[in-house]
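Here is the structure we will look at, set down as structure tokens.
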Number of protein chains: 2
Amino acid sequence: MTKSATLASEAYGRLRSDIIDGAIKPGAKLKIRTICDQYGIGASPVREALNRLASEGLLDHRDQRGFRVHSVTLQDLDELILARCWANEVGLRNSIRSGGLAWEEGVTAALQRLEAIPRYLSDDTTERNPAWEQAHGAFHAALVAASGSSWINDFCTQLYVAAQRYRHAARTVPRAGRNEQDEHRAIAQAAIARRENEAVELLMEHFRLTARLVRAALRQDGM
Amino acid sequence: MTKSATLASEAYGRLRSDIIDGAIKPGAKLKIRTICDQYGIGASPVREALNRLASEGLLDHRDQRGFRVHSVTLQDLDELILARCWANEVGLRNSIRSGGLAWEEGVTAALQRLEAIPRYLSDDTTERNPAWEQAHGAFHAALVAASGSSWINDFCTQLYVAAQRYRHAARTVPRAGRNEQDEHRAIAQAAIARRENEAVELLMEHFRLTARLVRAALRQDGM
DNA sequence: CACAATCAAAAAATCGATATTTAAGTTGAC
DNA sequence: GTCAACTTAAATATCGATTTTTTGATTGTG
């Protein structure tokens with residue numbers, strides 16, 4: 001399934017998933033020895049994986065004191081959303097201005113794939129569908145793909161990952177009659193039609209709505 | 001001087017400096033064994049350092065094929081400047097709007113420190129002064145310190161480091177009657193006086209001017 | 001009772017050796 | 001002469017053991 005060329009990369013992938021999914025809880029300490037035992041991998045590869053994750057902001061690292069999962073707080077959420085809105089606004093505006101046919105096709109294709117996949121595995125919204133999450137990330141990446149700067153694109157995906165962690169950290173996010181599919185379609189249509197301000201506004205609202213729901217859920221969980 | 005708690009962090013710091021300074025050339029391959037011999041450090045810490053640097057975009061890494069310094073190209077420079085302008089624009093605008101006394105003091109202090117340090121060690125602009133470079137980075141960080149999002153701040157410093165590498169890669173950057181000190185002071189004054197648009201415009205021009213000089217120098221060096 | 005100093009267990013960091021993989025150079029067939 | 005298959009040297013990746021540091025508990029002291 002996940003066939004990485006090196007054990008370090010495999011450990012990186014698995015840890016990353018576990019952190020994003022919330023299987024490893026925010027604030028939790030990652031003891032190297034424990035991970036080695038669980039994954040059946042030596043310390044060196046695990047260590048490399050942890051170092052990479054720390055550079056990406058998923059983990060905190062202090063010399064001689066090990067690694068722990070970056071904690072989730074309401075303030076961090078605000079800071080995250082701020083950065084996310086900024087990066088995606090820049091990325092989307094530039095893509096709309098200078099994106100060519102390839103960009104349009106990318107957005108359309110990503111949207112179709114997203115709509116073809118069920119959001120949850122079962123009906124009761126408890127079991128997330130990894131395939132959907134994958135397609136969702138690809139959709140948001142496609143929107144800003146023609147930003148003109150790979151730095152911006154990388155930032156967007158990095159922020160997307162961080163945000164995903166928050167969504168999953170909030171145990172019970174109320175769906176509140178929300179229809180994400182409609183939002184996605186509206187954003188994509190406005191973008192491809194080159195209605196810049198409308199597209200940006202829709203996308204920002206998309207982020208802010210998610211943020212509001214997550215914030216409420218976090219408060220309820222006493223955080 | 002550079003007293004790191006762990007060998008991995010020390011290797012990270014030294015490699016980072018060498019890469020930014022251009023002592024290790026863009027595109028060069030980093031053989032782990034060689035680094036171990038040079039630094040007198042084992043493979044594990046070196047490996048960790050390399051992994052961190054790769055996550056930050058200073059190195060390229062492919063499984064089983066080692067690490068090499070991310071190459072410098074004219075296109076990459078363009079992409080870098082674009083991202084840098086956007087990130088710093090939003091950082092500065094937010095700081096000017098919501099920055100308090102602490103922010104003002106930070107900018108003022110950083111400027112004073114910068115002006116007190118000579119740009120070059122000798123008169124002929126060949127030998128850069130590390131202390132100045134340090135203060136220069138601190139100044140630019142201070143400008144955006146009150147952006148309201150640590151993500152944005154981190155991105156700005158990351159982009160600053162990447163840009164520094166380009167400045168150093170261009171062997172002979174003509175000074176062309178430029179007075180950086182004046183530029184810095186003008187930017188700081190406009191920012192603190194809350195003249196938002198003026199400050200942003202000055203900062204952007206500051207970046208673009210550097211970019212033009214570097215681009216010209218790179219072309220001359222046949223790149 | 002608070003506080004410092006000491007000690008022991010746990011965890012992080014590091015090293016040296018080994019196993020795998022890639023890259024390069026050589027040979028041989030067509 | 002070209003290209004493929006083989007061989008060898010170099011480099012990456014990994015493991016297991018050792019060293020160093022931190023943490024938490026315990027003990028003794030003011």
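In the text below, chain A, chain B and the rest are named by the order of the sequence lines, each starting its count at 1. Worth knowing before you read on, the calculation uses all heavy atoms, side chains too, and leaves out hydrogens, waters and symmetry mates.
- Nearest-nucleotide mapping onto DNA chain D: of A:A8 and A:D63, the residue sitting toward the 5' end is A:A8.
- Relative to the side chain of A:P45, the nucleotides D:dT14, C:dA12, C:dT14 differ in distance, and D:dT14 lies closest.
- For DNA chain C, none of the residues of residues 34-43 of chain A falls under the heavy-atom distance limit of 4.0 Å.
- For the pair B:R84 and A:F155, the cation does not sit on the ring face, since its NZ or CZ is not both under 6.0 Å from the ring centre and inside 45° of the axis.
- The interatomic distance linking A:N51 (CG) with C:dA12 (C1') rounds to 12 Å, in whole Å.
- Residue A:R65 places at least one side-chain N or O under 4.0 Å from the OP1 or OP2 atom of D:dT23.
- One atom, CD of A:E48, and another, P of C:dA12, lie 17 Å apart when rounded to the nearest Å.
- A cation-pi arrangement is absent between B:R113 and B:F139, since the terminal nitrogen or guanidinium carbon is not both under 6.0 Å from the aromatic centre and inside a 45° cone about the axis.
- Summarising the geometry, the separation between NZ on A:K31 and P on D:dT22 is reported as 18 Å, rounded to the nearest angstrom.
- Taken to the nearest 0.5 Å, the CG atom of A:L53 stands 8.0 Å off from the OG atom of B:S55.
- Here B:T6 lies in heavy-atom contact (under 4.0 Å) with sugar-phosphate atoms only.
- The side chain of B:K29 lies closest to D:dT12, out of C:dT14, D:dT14, D:dT12.
- For the pair B:H61 NE2 and D:dA11 P, the computed distance is 17 Å after rounding to whole Å.
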Give the C-alpha distance, both sets of side-chain angles, the deciding distance and a yes or no for side chain to side chain donor-acceptor pair (under 3.5 Å) between A:D63 and B:S9. CA-CA 8 Å; A:D63 279 353; B:S9 293; 2.8 Å; yes
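- As rounded to whole Å, 11 Å separates atom C1' of D:dG16 from atom CZ of A:R33.
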From CA spacing to verdict: side chain to side chain donor-acceptor pair (under 3.5 Å), A:Q158, A:E56: CA-CA 7 Å; A:Q158 210 175 326; A:E56 291 174 26; over 6 Å; no
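- Atom CZ of B:R33 has 12 or fewer neighbouring heavy atoms from other residues, nucleotides or ligands inside a 6.0 Å radius.
- When rounded to the nearest whole Å, the span between CD of A:Q64 and C1' of D:dT20 equals 7 Å.
- Rounding to whole angstrom units, CZ of residue B:F67 and C1' of C:dT21 are separated by 15 Å.
- C:dT14 atom C1' lies 15 Å from atom CD1 of B:I32, rounded to whole Å.
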A:D78 and A:R215: salt bridge (charged side-chain N to carboxylate O under 4.0 Å, His left out), yes or no, with the steps? CA-CA 9 Å; A:D78 289 340; A:R215 203 175 289 129; 3.0 Å; yes
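- Residue-level contact check: B:L30 touches the backbone only, with heavy atoms under 4.0 Å from sugar-phosphate atoms and none from bases.
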